[in-house]
Amino acid sequence: MAFDLVFFGGTGDLVWRKLMPALFQAFRHGSLPEGGRIIGVGRDDLSDAQYRQHIQSRFERVDGDKRPQAEEFAQFASLLCYVRMDLSQPSAYAALSARLAERETDNVVMYLSTAPNLFTTVCEQLAAHGLNTPQTRIVLEKPLGHDLASNRAINHAVGLAFKEQQIFRIDHYLGKPAVQNLFAMRFGNALFEPLWRREHIANIQITIAEELGVEKRGGFYDGTGALRDMVQNHALQLLCAIAMEPPINAHADAIRDEKLKVLRALKRWTPETLGQHVVRGQYSAGNVEGQAVSGYCDEPGVGQQSNTETFVALRTEIANWRWAGVPFYIRTGKRMAGREAHIEINFRPTPHEIFKSPMGQANKLVIHLQPKDGLELHLFAQGQSKRGQGSGSATLSPVHLDLDFDKRFGSQRVGAYERLLLDVLDGRLNLFVRSDEQEEAWRWVEPILQHWKNDTIGPRPYAAGSWGPSASSAMIARDGFCWSEEA
Ligand code: BG6
């Protein structure tokens, strides 16, 4: 299958950090379709050879077996070429058009890894130059807007040039192996389904914690914040994957219809829940892995008086028969105590106790997204009884069933961007977000943004290297629960 994959923002950070390594892995795994061409588009004045060198220098920093051998890289590099373009100039698109016209392909992928304010212009110009053929697919990176209105405007503009089936909105969390395994676990096994409901589940917690701060992205991040950067998209998509009903089949729209229903059923905010069930924080100076690090307001590109949140914890519910009354907690933050993303399904305790079990403990299923990728089922078992202890008086001990997918599947594992890029080339939309899902997610987060605008208190400080402000623990404690590290 001959394809042309065009990276708008071809010399940018995402191509450098994620997309090229993912394509190289796909190439190495032999899963990149043959006859492909990867076209970097950027403003720099580079020849094809210089672009190859630029990408090669990226791989020179890689250690271990991810570093390509010279021969291997030369083969991969032969797929790369470059077109110099200023995307804001309509006349510039002729150069791309000419490059694409050089050969016949089965499909063309336009990957917009640029500033989102260019999305509309690029789509208009692609259409004006006849580059929106039915064989063309367009990939949109987040952030897709900064609120509902701007998101709709982008979706509308893209929709004028491309049909929904041609539009691939990336949420790279959906490409993570653990998330695909969550679908497999829920809908490929009968075991959990009867338990997957309010009668058996006490609460669900989604944690996406990062050790990193805002790095070099202070300028971007300061106008964005954790709610827009992580909750509106990644965390809500995880919540959908946990809470959705079984789809009628594995087709993209069947899955996306079910996710949309979850988003629509999220409890609407009231002034009271906005006050009590949402905590925003901002990191101050602290210590991460033994290193002193500065506070958010001292990061390059960030204003000294910034009110931008680097941490959010919130509690919500899903108003439907399966989940009514079950709290879902989401928290995410930068400069936290560890890099750790997981989902905890906390089951209800046994209805009647005949054994002594550790206080307040019940079964839980932990879905680890990173750094570990696996499942952990927490059970209770009876170890060796001591003399004189009948089973009735025995104290149970916690034990884990631990499934490590990396160990189990090892080198066959496909990374998030690799998976998503291959799916785009295959035209599989299952792991991409539909416009109505995205709009619904914005509709749900907007009242929080509005509330913060009028809130004079601002984000609560937390020391870099901690688990966030104490108000986050207080919020969950009010329901009689705690975060995993506090158990
Ligand atoms: C991105 C956010 O979408 O996800 C970043 O913009 C964040 O701020 C990143 O660091 C986290 O992704 P991952 O895969 O490293 O957990």
Side-chain angles (χ1 to χ4, degrees), residues 9 12-22 25 66 111-116 139-146 151 168-182 206-239 241 280-283 288 293 296 299-302 306 308-312 330-343 367-374 405-406 413-421 431-433 437-438 441-442 445 459 464 468:
D13 186 58
L14 190 75
V15 169
W16 176 264
R17 278 190 310 115
K18 302 272 191 188
L19 299 176
M20 281 299 172
Q25 278 303 106
K66 286 208 164 151
Y111 196 122
L112 269 57
S113 136
T114 59
V139 185
L140 306 174
E141 261 296 337
K142 69 178 265 283
L144 244 70
H146 56 273
N151 175 257
F168 292 70
R169 293 180 193 80
I170 289 237
D171 184 311
H172 78 279
Y173 266 61
L174 289 179
K176 289 194 187 271
V179 178
Q180 290 161 67
N181 257 312
L182 175 58
I206 299 172
T207 295
I208 311 176
E210 296 183 84
E211 267 181 349
L212 291 178
V214 291
E215 307 297 295
K216 293 179 188 147
R217 299 160 76 220
F220 155 78
Y221 194 88
D222 210 32
T224 305
L227 188 74
R228 291 185 174 101
D229 190 41
M230 299 295 288
V231 177
Q232 186 274 341
N233 34 68
H234 306 324
L236 284 184
Q237 285 293 327
L238 294 181
L239 181 141
R280 61 170 163 161
Q282 187 187 79
Y283 62 83
V288 175
V293 295
Y296 175 71
E299 299 277 15
V302 174
S306 173
T308 299
E309 79 289 355
T310 59
F311 173 95
V312 181
I330 292 175
R331 68 173 166 166
T332 181
K334 298 218 177 267
R335 284 281 187 240
M336 294 186 65
R339 177 172 184 254
E340 170 71 44
H342 64 250
I343 303 165
I367 299 151
H368 288 281
L369 275 74
Q370 59 197 28
K372 181 176 161 182
D373 170 14
F405 290 123
D406 277 330
R413 308 237 74 198
V414 173
Y417 271 104
E418 183 182 352
R419 163 84 284 131
L420 295 173
L421 282 164
L431 298 176
F432 296 85
V433 183
E437 282 178 79
Q438 228 173 31
W442 276 116
V445 301

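Just so you know, ligand 1 is whichever comes first in the structure, and atom 1 is the first atom listed for that ligand. Keep in mind that this is a model prediction, so the values were computed, not measured.
- For N233, there are no side-chain hydrogen bond (donor to acceptor under 3.5 Å, both in side chains) partners, not counting sequence neighbours.
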Kindly print each ligand 1 N/O atom paired with any protein N/O atom under 3.5 angstrom away, one pair per line, or none if nothing qualifies.
from     : atom 1 : to   : atom 2 : distance (Å)
ligand 1 : 3 (O)  : K142 : NZ     : 2.7
ligand 1 : 3 (O)  : H234 : NE2    : 2.7
ligand 1 : 6 (O)  : K142 : NZ     : 3.0
ligand 1 : 6 (O)  : R217 : NH2    : 2.9
ligand 1 : 6 (O)  : D229 : OD1    : 2.6
ligand 1 : 6 (O)  : D229 : OD2    : 3.3
ligand 1 : 8 (O)  : R217 : NH1    : 2.9
ligand 1 : 8 (O)  : D229 : OD2    : 2.6
ligand 1 : 8 (O)  : K334 : NZ     : 2.8
ligand 1 : 10 (O) : E210 : OE1    : 2.5
ligand 1 : 10 (O) : E210 : OE2    : 3.3
ligand 1 : 10 (O) : K334 : NZ     : 3.1
ligand 1 : 12 (O) : H172 : NE2    : 3.1
ligand 1 : 14 (O) : H172 : NE2    : 2.8
ligand 1 : 14 (O) : K176 : NZ     : 2.6
ligand 1 : 16 (O) : Y173 : OH     : 2.4
ligand 1 : 16 (O) : Q370 : NE2    : 2.7

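- In this structure, H234 and H172 have perpendicular ring planes: the angle between them is above 60°, well past the 30° mark.
- Considering only residues two or more places apart in sequence or on other chains, E418 meets the salt bridge (charged side-chain N to carboxylate O under 4.0 Å, His left out) condition with none of them.
- Ring geometry for Y296 against Y221 counts as perpendicular: the plane angle is over 60°, on a 0 to 90° scale with 30° as the lower cut.
- The pair D13-K18 fails the salt-bridge criterion, with no side-chain N (NZ, NE, NH1 or NH2) lying under 4.0 Å from an Asp/Glu carboxylate O.
- Here K334 pairs with E210 under the salt bridge (charged side-chain N to carboxylate O under 4.0 Å, His left out) rule; sequence neighbours left out.
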